[in-house]
Number of protein chains: 2
Amino acid sequence: MVRKSATGRVGIADVAVKAGVSHATVSRVMNGNYTVDPDIAARVRAAAAELKYQPNPVGRSLALGKTDTIGIVVPDLANPTFQAILRGLSRAAAQDGYRVLIADSFEVSSEEAILAGEARRRCDGLVLCAPRMTDAELEDIVPSLHPLVLINRATATKGVPSLVVDYGQGVQDIAEHLVELGHTRLAFLAGPPRSASNGLRLQGLEAFKAAHPDVEVTMLEGGSDFDTGHEAVDAVLDSGATGILAFNDLVAMGLMSGLHERGLDVPGDISVTGFDDIPFAKYTTPALTTAAVPITELGEQAWQQLRALIRKEDSDAPGSRYQPRLEVRASTGPAKAPRTAVHG
Amino acid sequence: MVRKSATGRVGIADVAVKAGVSHATVSRVMNGNYTVDPDIAARVRAAAAELKYQPNPVGRSLALGKTDTIGIVVPDLANPTFQAILRGLSRAAAQDGYRVLIADSFEVSSEEAILAGEARRRCDGLVLCAPRMTDAELEDIVPSLHPLVLINRATATKGVPSLVVDYGQGVQDIAEHLVELGHTRLAFLAGPPRSASNGLRLQGLEAFKAAHPDVEVTMLEGGSDFDTGHEAVDAVLDSGATGILAFNDLVAMGLMSGLHERGLDVPGDISVTGFDDIPFAKYTTPALTTAAVPITELGEQAWQQLRALIRKEDSDAPGSRYQPRLEVRASTGPAKAPRTAVHG
DNA sequence: GAGAACCGAGAAAGCGCTTTCTCGTGCCGG
DNA sequence: CCGGCACGAGAAAGCGCTTTCTCGGTTCTC
């Protein structure tokens with residue numbers, strides 16, 4: 001005999017009636033408030049069990065002022081990097097009883113601010129990945145988003161931890177690795193023009209060029225996915241470079257696939273490197289040399305920081321910087337004798 | 001001068017005071033109820049804008065009895081298949097103004113029922129992917145989860161659409177393809193033992209074996225990830241099979257990687273096939289022959305079905321069956337001459 | 001010009017829960 | 001033997017919103 005409240009679901013009132021007590025008491029029992037007579041508590045629990053009563057989280061959230069939910073804004077759910085962040089975040093948050101609400105901006109940066117605001121209002125905190133948003137816009141919305149954790153973006157606003165990967169250093173490490181293998185003509189297959197992390201890579205390359213005036217570094221336009229890499233084959237060959245730094249692993253995989261189709265050998269003819277060390281990088285043929293970013297861990301860290309903010313703990317770690325680790329695999333090898341541009 | 005309500009955020013009451021009207025009127029204006037005098041409406045809007053007022057979604061949800069949020073339960077967020085479903089679902093739902101809450105059960109099937117219940121209560125509907133849950137348990141919880149859409153599971157309960165991929169047929173198509181290439185000794189590198197979709201594949205293989213008594217099909221234990229495939233190399237070689245049907249693309253990639261390390265040629269020595277056609281399948285070397293499942297579309301469809309349920313439309317499509325499409329690429333080729341000679 | 005129909009906005013009642021406030025009970029000590 | 005106190009549970013006040021109800025003020029009709 002399940003009584004039905006106005007909405008058709010079992011509510012606290014139904015349990016109260018069944019147990020012959022007030023809703024207040026039911027609430028107390030459900031929340032483990034032990035100022036309730038054990039007998040009554042047992043009666044309430046029995047009634048709740050019989051009715052299969054489960055508190056309505058919305059009512060609970062309104063009364064408590066918290067939702068036990070956090071939000072994450074990502075620019076592209078198809079990108080393994082954000083998938084990994086989401087995974088790490090979700091797992092860590094789940095351990096503390098929090099759920100995560102996702103907001104995919106589909107690379108439409110104008111949407112990001114709105115999505116972020118909406119998500120934030122529904123949740124107790126927010127993790128924001130907004131690589132294309134301008135600094136100005138970011139500074140603009142950040143104050144209204146607290147508690148907030150930024151990923152791969154920095155802000156001047158206090159109390160907003162920001163987790164950033166040192167892409168600049170990573171790119172330099174890769175370039176150094178190629179130079180050590182004897183490459184003197186490199187090419188950087190860039191990411192999306194307005195991407196913040198692409199900017200960091202470019203800075204790293206500038207530093208590298210300053211340290212190695214003898215090495216030629218060609219800049220090529222690109223993007224962030226397979227197809228970008230696949231379509232860049234001609235540009236790459238035209239550059240005459242023997243060591244290619246792709247924006248990320250996806251681009252590198254696309255490029256290797258394209259080179260393979262042209263009958264070129266990696267790393268025999270050309271060395272290719274990626275970035276991120278996504279799970280697939282280990283299983284490409286040849287296995288991809290890349291800069292490993294502890295990306296799942298980054299998602300976990302994002303939760304730790306956010307949790308501290310939500311709990312209003314004085315987090316002494318206002319953010320962290322992650323150093324990529326060079327992962328040398330089989331896609332890089334000694335440079336071939338210098339060669340002039342080849343056409344396929 | 002932003003007034004603050006008890007919670008420290010701008011509330012409807014603040015706007016009401018500032019505009020010199022009642023909250024009711026503010027609410028009417030915010031919801032586009034045009035029984036309000038234009039002048040007053042303008043005043044309210046101005047006040048709201050100045051205060052940067054944004055309605056609290058929790059209060060709104062409680063009053064409206066809906067959250068504009070749907071939930072999805074997945075067994076493993078690291079699996080590209082579920083990532084794709086999530087992506088399709090999220091995109092489709094976003095178009096209708098819905099957000100998605102994720103619940104990752106981390107393959108702990110005992111958690112799935114609880115997670116599903118919790119997620120459902122927070123949301124207006126639920127998409128459930130629970131491949132390891134027993135049929136009994138599934139039937140047990142399904143009624144309490146409505147509106148609900150199942151993925152790759154069926155239920156006897158009415159009004160619960162179920163979107164299933166015809167894994168059985170897909171496996172048969174792949175096996176036929178290998179037979180046409182001259183393979184007579186096949187091996188199936190199975191998925192997780194209790195996986196529902198693995199069961200469907202096994203059924204398909206039984207049908208295949210019945211139709212091809214002459215073909216030897218070895219069953220090998222497996223799993224669902226890279227490592228499974230990578231570690232199965234010995235077992236695969238021991239089987240003497242020349243055509244390997246891997247549980248999915250991940251397993252196939254792991255296997256190819258392992259075979260490559262042993263100096264074996266795919267498809268020269270052994271043909272390997274996957275399942276799912278994840279985005280990476282096209283870029284492996286050799287490109288993977290697989291059965292393509294329109295998985296993102298499946299996520300979108302899940303939303304369409306769920307939306308119909310939420311809106312109480314009489315959906316005449318209680319579910320759909322998806323036929324995988326054989327995608328022949330470079331990882332399969334003619335069988336090497338087995339013990340018996342091959343005649344021209 | 002008086003009553004009816006109308007219209008717009010405030011008052012108030014929820015939505016389902018938590019928590020403070022309040023009060024009746026039973027027990028203690030003086 | 002009675003005042004004070006601790007305690008346990010009900011009443012009620014929110015949490016922030018939507019929506020019905022209500023009512024004062026118009027406008028319309030005959």
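All chains are named by letter (A, B, ...) in the order of the sequence lines, taking the proteins before the strands, and each is independently numbered beginning at 1. Note that the coordinates shown come from a computational prediction; the quantities given were computed from them, not determined experimentally.
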In this structure, how many angstroms lie between the [atom2] atom of [N] and the [atom1] atom of [X], rounded?
| X | N | atom1 | atom2 | value |
| --- | --- | --- | --- | --- |
| B:D68 | D:dC17 | CG | P | 15 Å |
| B:N33 | C:dC7 | CG | P | 13 Å |
| B:M30 | D:dG16 | CE | C1' | 13 Å |
| B:N31 | C:dA9 | CG | P | 15 Å |
| B:L62 | D:dT18 | CG | P | 11 Å |
| A:N56 | D:dG16 | CG | P | 17 Å |
| B:Q54 | D:dC17 | CD | P | 11 Å |
| B:I12 | D:dG14 | CD1 | P | 17 Å |

## Note on the structure
Interatomic distance, CG@B:L115 vs CD1@B:I72, rounded to 0.5 Å, equals 12.5 Å
### Query
Counting any heavy atom closer than 4.0 Å, what does B:V58 reach on the DNA or RNA strands: base, sugar-phosphate only, or nothing?
nothing
### Message
Under 4.0 Å, heavy atoms only, any strand: does B:Y34 hit a base, just the sugar-phosphate, or nothing?
### Response
nothing
### Task
Taking only the side-chain heavy atoms of B:A24 (C-beta and beyond), determine which of C:dA12, C:dG16, D:dA9 contains the nearest atom.
C:dA12
### Task
When you get a sec, tell me which of D:dG10, C:dG8, C:dG10 is the closest nucleotide to the side chain of B:T35?
C:dG8
Nearest heavy-atom neighbours spanning [X] and [Y]:
| X | Y | answer |
| --- | --- | --- |
| A:A196 | A:R153 | CB-CD, 3.8 Å |
| B:V10 | B:Y53 | O-CD1, 3.7 Å |
| B:S90 | B:V100 | CA-CG1, 3.6 Å |

### Task
Map A:S27 and B:L64 onto DNA chain C by nearest heavy atom, then report which one ends up closer to the 5' terminus.
B:L64
[X] vs [N]: side-chain N/O to OP1/OP2 distance below 4.0 Å:
| X | N | answer |
| --- | --- | --- |
| B:S22 | C:dA9 | no |
| B:R28 | D:dT18 | no |
| A:Y53 | C:dG16 | no |

### Message
Tell me whether the side-chain N or O atoms of B:R9 pair up with the base of D:dG16 as donor and acceptor below 3.5 Å, since no angle test is needed here.
### Response
no
### Task
With the side chain counted from C-beta on, respond yes when B:I141 and B:M133 share a heavy-atom pair under 4.5 Å apart, and no when they do not.
yes
